[in-house]
Protein chains: 2
Amino acid sequence: MTGHEEFPTYGHEVLAVILQVRAGRLCLLLWQRTEPPHAGAWALPGGVVGPGETLELSVRRHLATKVDVRELSHLEQLGTVSEPGRHPELRLLATAYLGLVPAGVDPVLPPDTSWHPVHEVLRTAFDHGALAIAGRDRLRAKLSYTNLGYALAPPRFTIAELRAIYAAALGHDVSPTNLRRVLLRRQVLEPTGETTRPDRTGGRPAACFRFRDGGYRVTDQFAVLRPPSAN
Amino acid sequence: MTGHEEFPTYGHEVLAVILQVRAGRLCLLLWQRTEPPHAGAWALPGGVVGPGETLELSVRRHLATKVDVRELSHLEQLGTVSEPGRHPELRLLATAYLGLVPAGVDPVLPPDTSWHPVHEVLRTAFDHGALAIAGRDRLRAKLSYTNLGYALAPPRFTIAELRAIYAAALGHDVSPTNLRRVLLRRQVLEPTGETTRPDRTGGRPAACFRFRDGGYRVTDQFAVLRPPSAN
DNA sequence: GCAAAAGTGTTCGCCCTACACCCATGT
DNA sequence: ACATGGGTGTAGGGCGAACACTTTTGC
């Protein structure tokens, strides 16, 4: 603690659970290893932390080689894993981050990297599968009490499009009626005033919306046990 | 990533935000440093991670020198901080944990260690103050949608006693009527059948309760956007 | 009887869901 | 006209806050 004694040091890597809704499915970005250990297995993007950088900057730097960092709409720390046996050869701590990419963008990927529907991800290298599940569950929980949807949605969208995104991320159907009312009442969404042209098959034109707040915001802070009223 | 190249390593410490309700106040366990850096400042308990141990075991080991580990009713990871300047002399990553101690127990502490009301903690060593705030806020949030109260309460208690614990932890008044109904409806509490003897001053004897589940449980998972009904 | 503390009944409002109905457009 | 998809009205249920009222004790 004083900085004068000798003490052990460890390798430290960052890992990214990158999620995006693609074609109606929540997908996870993985790359395929070619060298042991776990050659051939799919793994989370990431890499070793450099001497002068914070964990967050490190994960952004490593991601820049996989997806354009400017396309990341959200990045938050998930947790740090430390089991001594998680890497077969050396003691390597890993801090995982959850990153989100808005629907619609399609970043160019290196050849070893691709998107996988998150419910199909079974065998992964190391403990990456459990980290991916943790990221998916964190996203699902926060969709219901924060405005985190902004990080999955394109800049402008109809309620039907947003409904599809929420349904894919949550893994169950979502009613457009209720989604609209909940998010409007909470002032998470605002109408842009524009409308879309309907399909050839007809139908009423849909109003366009955007997320009011560009950043992360908790919208339903005290579900219960809230402070007594001011009276 | 392959384990064969050279890569940088770092010191890693664990830090514990230990909270307990004492005399109607939410208190934080701190020890006073005697050596630089930050000599004289109050700091979170913790220490360096040993070669073969996980972060959680490490924090439990370090805590054993401050409070008896058997008295810890809850321990969860808060996050990892990594700013290169957080320690003036060396690169030192730190993973913080939130630990809870039930009301009523009064562990013997070493002379440099004591409890401080969490709202009075102002100047701390390093970035420990921000970590303490993060721990306090995590506790407050989880009290409202999980059964985490079990980790702050003694094994048996009256509603009035539990109300005082929740009020201290949340930082605002809590109505015993509503606390009782909410926690009973959610089946977080169950009556033991016993009652307490009233004070010399009279009053109806209070029923005793306990938490139904000894472990952590989310009780209000889907506040909104829940899955459609089974019909 | 009276004070004090615990527990219950009841009202109210808010939020979310579900479902029926209305609206705007293309063919 | 009618099919199609978007949007609105409305009723119902559940939950939690507030507050009055009842119950059970000691003095």
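Predicted model, so just to flag it, every value in this text is computed and none were measured. Throughout, protein chains are lettered first and strands after them, A, B, ... in sequence-line order, and every chain is numbered starting at 1.
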Side-chain donor-acceptor pairs under 3.5 Å in residues 22-30 of chain A, sequence neighbours left out?
{"unit_1": "R22(A)", "atom_1": "NH1", "unit_2": "Q20(A)", "atom_2": "OE1", "d": "2.8"}
{"unit_1": "R22(A)", "atom_1": "NH1", "unit_2": "D106(A)", "atom_2": "OD1", "d": "3.2"}
{"unit_1": "R22(A)", "atom_1": "NH2", "unit_2": "D106(A)", "atom_2": "OD1", "d": "2.8"}
{"unit_1": "R25(A)", "atom_1": "NH1", "unit_2": "E120(A)", "atom_2": "OE2", "d": "3.4"}

Nearest-Å distance for atom pair [atom1]/[atom2], residues [X] and [N]:
{"X": "H172(B)", "N": "dA18(D)", "atom1": "NE2", "atom2": "P", "result": "11 Å"}
{"X": "N178(B)", "N": "dT11(C)", "atom1": "CG", "atom2": "P", "result": "16 Å"}
{"X": "L162(B)", "N": "dA5(C)", "atom1": "CG", "atom2": "C1'", "result": "17 Å"}
{"X": "D173(A)", "N": "dC19(C)", "atom1": "CG", "atom2": "P", "result": "13 Å"}
{"X": "L179(B)", "N": "dA18(D)", "atom1": "CG", "atom2": "P", "result": "13 Å"}
{"X": "L170(B)", "N": "dA17(D)", "atom1": "CG", "atom2": "P", "result": "11 Å"}
{"X": "Y166(B)", "N": "dG16(D)", "atom1": "OH", "atom2": "P", "result": "12 Å"}
{"X": "R185(B)", "N": "dG9(C)", "atom1": "CZ", "atom2": "P", "result": "14 Å"}

Problem - Contacts of R156(B) that satisfy salt bridge (charged side-chain N to carboxylate O under 4.0 Å, His left out) - sequence neighbours left out - result: E194(B)
Practice task
List for me each residue that meets salt bridge (charged side-chain N to carboxylate O under 4.0 Å, His left out) alongside E71(A), sequence neighbours excluded, and say none if there are none.
Solution key: none
Handout entry: Sequence neighbours excluded, every pair satisfying ring-ring contact (aromatic ring centres under 6.0 Å, His included) that has a member inside residues 53-72 of chain A
Key = none
Practice task
Compare all side-chain heavy atoms of L162(B) with those of L183(B) and state whether any distance is below 4.5 angstrom.
Solution key: yes
Measure all distances between protein nitrogen or oxygen atoms and nitrogen or oxygen atoms of nucleotides 11-13 of chain D, and list the pairs falling under 3.5 Å.
none

Table please: side-chain donor-acceptor pairs of residues 208-215 of chain B below 3.5 Å, with sequence neighbours left out.
{"unit_1": "R210(B)", "atom_1": "NE", "unit_2": "E190(B)", "atom_2": "OE2", "d": "2.9"}
{"unit_1": "D213(B)", "atom_1": "OD2", "unit_2": "R217(B)", "atom_2": "NH1", "d": "3.4"}

Problem - Polar side-chain atom of T146(B) near backbone of V218(B) as donor-acceptor pair, under 3.5 Å - result: no
Practice task
Using the salt bridge (charged side-chain N to carboxylate O under 4.0 Å, His left out) rule, collect all pairs that involve residues 159-171 of chain A, keeping only residues at least two apart or in two chains.
Solution key: R163(A)-D173(A)
Practice task
Kindly say if R186(B) contacts the phosphate of dC15(D), meaning a side-chain N or O under 4.0 Å from OP1 or OP2.
Solution key: no
Practice task
Hey, could you give me each pair passing side-chain hydrogen bond (donor to acceptor under 3.5 Å, both in side chains) that has a residue in residues 129-138 of chain A? Not counting sequence neighbours.
Solution key: E76(A)-R138(A)
Practice task
Do nucleotides 1-10 of chain D as a string where each nucleotide becomes B, S or -: B if the base has a protein heavy atom under 4.0 Å, S if just the sugar-phosphate does, - if no protein is that close.
Solution key: ---BBBSBBB
